Protein chains: 2
Amino acid sequence: MAIGRPSPSSSQTPDPGAARRTSRARGIPEATVARLPLYLRALTALSERSVPTVSSEELAAAAGVNSAKLRKDFSYLGSYGTRGVGYDVEYLVYQISRELGLTQDWPVVIVGIGNLGHALANYGGFASRGFRVAALLDADPNVVGSTAAGLPVRHMDELEDIVVSQHVSIGVITTPPGAAQLVCDRLVEAGVTSILNFAPTVLTVPDGVDVRKVDLSIELQILAFHEQRKAGDEPAGDSVLDRAPGPVRAAAAKLRRAAGGGKSAEPAKNAPAAQGPEDDLSAVMPA
Amino acid sequence: MAIGRPSPSSSQTPDPGAARRTSRARGIPEATVARLPLYLRALTALSERSVPTVSSEELAAAAGVNSAKLRKDFSYLGSYGTRGVGYDVEYLVYQISRELGLTQDWPVVIVGIGNLGHALANYGGFASRGFRVAALLDADPNVVGSTAAGLPVRHMDELEDIVVSQHVSIGVITTPPGAAQLVCDRLVEAGVTSILNFAPTVLTVPDGVDVRKVDLSIELQILAFHEQRKAGDEPAGDSVLDRAPGPVRAAAAKLRRAAGGGKSAEPAKNAPAAQGPEDDLSAVMPA
DNA sequence: ATGCGTTTGTGAACGTGTGCACAAAGATGG
DNA sequence: CCATCTTTGTGCACACGTTCACAAACGCAT
């Protein structure tokens, strides 16, 4: 029945439930929360151009969303607009920043300084909006000495000390998939309660810990799906069987299983999907 | 009424509608499509361990989802399971691969070879599952000569030629935000119909073009929101006013606007959110 | 003051997604 | 061939998210 770890819930990004409970507590829907940063970015741009007020229609266009949706989103934060005029840009910037918790300082650790970790350390979006890279960590002794984005790469052994002493509550994982769960466990154990996971692995965490994942491969696969649809390329296969009624399917399934490990029938001819081994280790960090 | 560009729809990742139309055409819900790569990864791992069959319960645990959800997802693809036994791993790998369009070759161009573009070029997840980096492009002459991941970085001018001659239909944008829309337009013009955007900008594209975005800053902000909630740190502010009835709010709003550009009242004291200028240019690629 | 044009805030309808719970279907052992 | 056990496939109810449409609210000009 229970597979893998028993009690901890393996919540991931698109999972309602855990995250929902948190935000619905005082009413802001998760979908709205996910859009607030988008609005904030558009508002910041307006603020820099010294635009005093903006209508929901304009702001919605800038953020690429429906204007009614935007108004409803803002209504969850309170009523910060003026009918007939629009929204006060500066005030809204402040309100959203406050709601997102950006008026405080968020120290962040990045674990796994490969290509991606290195890129993230240099990423401007980290420095802005109250996020501060507290430390870069890696297990590889060859990397530990070096610096990235002006910061020294420190050894994994210092993880617990850093998290505790610097009050780090957000961790970013850019390790190879094999190491991700271990790193995650150590982060959580040390006190981190929010994790941004770039490794292509499902992380299992205790309740109360949020995990969001960013998976480049998944994004590409979703695009490929739609791309295939656009090309009118209905996947052929044995689609006649797929919806066949009753015992027909059963017989087919039995045959498939009987064919054994030798990738029988259709799959054998052209299936680059199941490519080389170690799909798990070659990703995210080559080294 | 119409703001910015008129006809092209600025579809983005979390937008139903455009993407929905495509996938609902023959019935697979978007939410299901987004989970298929997850199942595929878990199945590939099982396949490498030569596990012949797997139950929905086991696979669901490995993918971090509800087992009923998984079964329903698979039911959209057809009935590939056997009651009392489970699913044939190899066969399911093939079916999902086929449905996602991974049985064919997908040449991809990466535009903007800064830190992130460099990291993506080396990313193992690209090479796998039928995706192939067709070319790396950049506008900076200093970068154009170099190589990344064994591939030469070519100049933007070659974009159109490459897309056309290599039949590239998927483009990845890792440029600074300021250049993203221009690059996007050129990609689309050349024939690209799917774009993965890492630049923190809302891209506007014509109908029929899919855009998915990955924004690290947004992910962090969402985590910060939940983190703040966990800390029981109800944002204080003038929450009394927020839900005040009638004319009270109006007067307050009037005051805010009258205060002018000088970030009055609350915002002034501590608002690191509206930090240094050029939030738009320092992100994604420092160079 | 009054009326007019504009824009917010939200009620209501609809579509999508999720999860429970269970009947039907198949495997397996006697 | 029958009984039993396992697991799929799905009907159903509910929660969530989106969009329309419109009344109420506000500024402004007269």
Side-chain angles (χ1 to χ4, degrees), chain A residues 1 14-21 23-24 27-35 53-60 65-88 92 242-258, chain B residues 1 3 14-21 23-24 27-35 53-60 65-88 92 242-254 256-258:
Chain A
M1 187 185 174
D15 179 25
R20 189 91 28 162
R21 254 171 278 137
S23 62
R24 270 293 194 195
I28 302 184
E30 188 60 22
T32 295
V33 173
R35 279 188 295 267
T53 61
V54 65
S55 73
S56 65
E57 203 78 32
E58 290 169 312
L59 188 53
V65 302
N66 183 293
S67 68
K69 198 192 301 193
L70 180 141
R71 288 197 299 275
K72 187 152 287 186
D73 283 343
F74 286 171
S75 78
Y76 291 115
L77 311 185
S79 299
Y80 298 138
T82 306
R83 294 169 194 233
V85 177
Y87 297 91
D88 183 276
L92 205 44
D242 296 359
R243 289 290 179 185
V248 186
R249 283 190 8 237
K254 192 170 200 166
L255 276 176
R256 285 199 295 272
R257 290 202 308 280
Chain B
M1 190 188 188
I3 308 299
D15 179 25
R20 190 87 32 160
R21 253 171 281 138
S23 63
R24 271 294 194 194
I28 302 185
E30 189 61 23
T32 295
V33 173
R35 280 188 295 266
T53 62
V54 65
S55 72
S56 65
E57 203 80 32
E58 290 169 312
L59 187 53
V65 301
N66 182 293
S67 69
K69 198 191 302 192
L70 179 141
R71 288 196 299 274
K72 190 156 290 187
D73 284 342
F74 286 171
S75 78
Y76 290 116
L77 310 185
S79 298
Y80 298 140
T82 305
R83 297 174 195 229
V85 177
Y87 297 90
D88 182 276
L92 205 45
D242 295 358
R243 289 291 178 184
V248 186
R249 285 193 3 242
K254 191 172 204 166
R256 285 199 294 274
R257 289 202 307 278

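Note on naming: letters A, B, ... go to the chains in the order of the sequence lines (proteins, then strands), and numbering restarts at 1 for each one. This structure is a prediction, so every number in the text was calculated from the model and none was measured.
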*asked:* Quick check on C/dA21: is either OP1 or OP2 less than 4.0 Å from any side-chain nitrogen or oxygen of B/R71?
replied: no

Enumerate all atom pairs, one protein N or O and one N or O from nucleotides 3-7 of chain C, separated by less than 3.5 Å.
{"unit_1": "C/dT7", "atom_1": "O4'", "unit_2": "A/G84", "atom_2": "N", "d": "3.0"}

*Figure out the CD/P separation between B/E58 and D/dT7, and round it to whole Å.*
8 Å

*Interatomic distance, A/L92 CG vs C/dT8 C1' [rounded to whole Å]*: 13 Å

*D/dT18 C1' sits how many Å from A/R35 CZ, rounded?*
8 Å

_For B/S67 versus B/S56, what's the shortest heavy-atom pair and its separation?_
CB-O, 3.9 Å

*So does B/N66 get a side-chain nitrogen or oxygen closer than 4.0 Å to the phosphate oxygens (OP1/OP2) of C/dG17?*
no

*With rounding to the nearest 0.5 Å, note down the distance linking CZ in A/R35 to NZ in A/K72.*
11.0 Å

*All ring-ring contact (aromatic ring centres under 6.0 Å, His included) counterparts of B/F74, not counting sequence neighbours*: B/Y39, B/Y87

*Rounded distance [0.5 Å steps], CZ in B/R71 versus OG in B/S55*: 9.0 Å

*Enter the distance from A/L92:CG to A/T53:OG1 here, rounded to the nearest 0.5 Å.*
11.5 Å

*Taking all non-hydrogen atoms of both residues into account, name the closest pair between B/G27 and B/Y76 and its distance.*
O-CD2, 3.8 Å

*Report the distance from atom NZ of B/K69 to atom C1' of D/dA15, rounded to the nearest whole Å.*
13 Å

*Using whole Å, report how far CD of B/E30 lies from P of C/dT16.*
11 Å

*Considering non-hydrogen atoms only, spot the tightest contact between A/I28 and A/V33 and give its length.*
CG2-CG2, 3.5 Å

_Listed nucleotide nearest any side-chain atom of A/K72, set D/dG17, D/dT10, C/dG11_ = C/dG11

*Check the distance between C/dT10's C1' and A/F74's CZ and give it to me in whole angstrom.*
16 Å

_Between P on C/dT18 and CG on B/D73, what's the gap in Å once rounded to a whole number?_
8 Å

*Out of C/dG19, D/dG17, C/dT10, which nucleotide sits closest to the side chain of A/A68?*
C/dT10

_In this structure, how many angstroms lie between the C1' atom of D/dG17 and the CD1 atom of A/I28, rounded?_
16 Å

